[in-house]
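First up is the structure itself, then whatever we jot down about it.
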2 protein chains.
Amino acid sequence: MDVTDSSSHSSESGRGRPGARQEYKCPIRDVLDRVGDAWSVLVVSNLAEGPTRFNELKRRVEGISQRMLTVTLRHLERDGLVSRTVLPTTPPQVEYALTELGHSLCGPLDVLSGWATANQPLIRASRERYDGEAGELTGGE
Amino acid sequence: MDVTDSSSHSSESGRGRPGARQEYKCPIRDVLDRVGDAWSVLVVSNLAEGPTRFNELKRRVEGISQRMLTVTLRHLERDGLVSRTVLPTTPPQVEYALTELGHSLCGPLDVLSGWATANQPLIRASRERYDGEAGELTGGE
DNA sequence: CAGAATCCCATTGGATACTG
DNA sequence: CAGTATCCAATGGGATTCTG
């Protein structure tokens, strides 16, 4: 494991401007920004099953707003994980598909989701224990 | 790949309350919420090297605010990934360490960061290409 | 030292309406 | 159909201050 940030800013960089971190951080960061975005993962995993059109995707990811789907797809496209193909039909159809790079991400993502699925019970349990204890202390009772 | 949300809400669940998604989603989600949080990853990877005290951690992750370090540690603790031990000294010392569960996450995290490191050049390139084209269209010249 | 609390602005993201 | 644009509530997170 070596995700340790090396190109870190001295804390003065982000001073005064809340939320405005900085542009250059460790390489991992920006990838995690994408992976960490729950929508991205759901979209990618959906696309893993094959090319899909916008509204179809919106239906499948169900719960995502139109705006977020657009934004997410743009990000994924920008990162070269997803390709966007406009079919010259009327009405216009747009097909999204994983690129090679996108497919290659599925492996690592799978490992992670495997871990998540396997350990979710433990995590859930830990949370309930934690929350329970917290409640005891606060509630006094 | 099957991260597809199965316990999805009909869109009525989150209706009206922006940002307030819902409590139950697919198992993967809450794990990704933690992994996706850049700070969590940095903290975990730091703790992977051994137990560390609060301020030491703050120094090492450099760039993290005190508040975020506290919050992040609380989350990790709640999820059972990190243990918190108060040494009864004066002044009080608090040591944070990875639990077994926490350590087990390092593997998957490593896979991911491996992918990230390996493909970062491609991603960067893709972004520049994308941004370049976007600029052409918008700026006209 | 370790952390809780407060203030406050910036970004997020849902809802809605409009366009080609 | 496939978006784009706008509005606005909620959250995130830095800075600062106070405590045991």
Side-chain angles (χ1 to χ4, degrees), chain A residues 8-23 25 33-34 36-40 42-43 51-77 82 84-96 134 137-138, chain B residues 9-23 25 29 33-34 36-40 42-43 51-77 82 84-96 134 137-138:
Chain A
S8 237
H9 42 77
S10 3
S11 23
E12 14 185 5
S13 334
R15 200 183 95 281
R17 296 254 306 286
R21 265 182 239 144
Q22 72 293 321
E23 340 222 331
K25 12 179 193 176
D33 279 0
R34 195 96 299 100
D37 179 16
W39 292 134
S40 291
L42 290 184
V43 167
T52 318
R53 291 183 26 210
F54 188 86
N55 276 335
E56 173 64 17
L57 211 44
K58 183 161 152 236
R59 232 165 286 127
R60 299 236 293 253
V61 178
E62 193 177 14
I64 195 173
S65 69
Q66 191 191 41
R67 204 182 81 91
M68 282 318 290
L69 180 54
T70 305
V71 170
T72 301
L73 284 170
R74 287 290 173 282
H75 282 161
L76 293 173
E77 191 192 353
V82 159
R84 176 174 179 273
T85 318
V86 183
L87 285 304
T89 58
T90 42
Q93 300 191 346
V94 180
E95 263 202 357
Y96 292 93
L137 301 177
T138 321
Chain B
H9 41 78
S10 1
S11 20
E12 15 185 2
S13 335
R15 200 182 95 283
R17 297 253 307 283
R21 266 180 235 141
Q22 71 295 321
E23 341 221 330
K25 14 180 192 180
R29 284 291 270 277
D33 279 359
R34 196 96 298 102
D37 179 16
W39 291 133
S40 292
L42 290 184
V43 168
T52 318
R53 292 185 21 214
F54 189 86
N55 276 336
E56 173 64 19
L57 211 44
K58 183 160 152 237
R59 231 165 284 128
R60 298 236 294 254
V61 178
E62 192 178 13
I64 195 173
S65 68
Q66 189 193 44
R67 205 182 79 91
M68 281 320 289
L69 181 53
T70 305
V71 170
T72 300
L73 285 170
R74 287 291 172 281
H75 281 160
L76 293 172
E77 192 192 351
V82 159
R84 177 175 179 272
T85 318
V86 183
L87 285 304
T89 59
T90 44
Q93 301 189 347
V94 180
E95 265 202 355
Y96 292 92
L137 301 177
T138 321

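Everything numeric here is computed off the predicted structure, so don't read it as measured data. Order of the sequence lines sets the chain letters (A, B, ...), proteins ahead of strands, with each chain counted from 1.
In this structure, A/Thr85 OG1 and A/Arg53 CZ are separated by 12.5 Å, a value rounded to the nearest 0.5 Å. How far NE2 of A/His75 is from CE of A/Met68: 8.0 Å, rounded to the nearest 0.5 Å. A distance of 10.5 Å separates CD in B/Gln93 from CG in B/Asn55, rounded to the nearest 0.5 Å.
For A/Val94, counting side-chain heavy atoms from C-beta on, the closest listed nucleotide (D/dG3, C/dC1, D/dC1) is D/dG3.
OP1 or OP2 of C/dG3 has at least one side-chain nitrogen or oxygen of B/Arg74 nearer than 4.0 Å. Distances shown here put a side-chain N or O of A/Arg84 below 4.0 Å from the OP1 or OP2 atom of D/dG3. At the phosphate of C/dC1, neither OP1 nor OP2 sits under 4.0 Å from any side-chain N or O atom of B/Tyr96.
Note: NZ (A/Lys58) to P (C/dA15) measures 10 Å, nearest angstrom. Spacing between atom CZ of B/Phe54 and atom P of C/dC1 amounts to 11 Å, rounded to whole angstrom units. Spacing between atom CG of B/Leu73 and atom P of C/dG3 amounts to 7 Å, rounded to whole angstrom units. Rounded to whole Å, atom P of D/dG3 lies 14 Å from atom CD of A/Glu56. The distance from atom CD of A/Gln93 to atom C1' of D/dG3 is 14 Å, rounded to the nearest whole Å. Taking atom CE on A/Met68 and atom P on D/dT6, their separation rounds to 18 Å, with Å as the unit. To the nearest angstrom, P of D/dA2 lies 4 Å from CZ of A/Arg53. Note: CZ (B/Arg60) to C1' (C/dA2) measures 17 Å, nearest angstrom.
With hydrogens and angles left out, the side chain of B/Gln66 and the base of C/dA4 share a donor-acceptor pair within 3.5 Å.
Put simply, the side chain of B/Leu73 reaches to within 4.5 Å of the side chain of B/Leu57, judged on heavy atoms.
Under the side-chain contact (heavy atoms from CB on, under 4.5 Å) criterion, A/Arg74 pairs with A/Thr70, A/Glu77, A/Arg84, A/Tyr96, B/Tyr130, sequence neighbours left out.
Heavy-atom distances to DNA chain C give each of B/Val86 and B/Arg67 a nearest nucleotide, and the one nearer the 5′ end belongs to B/Val86.
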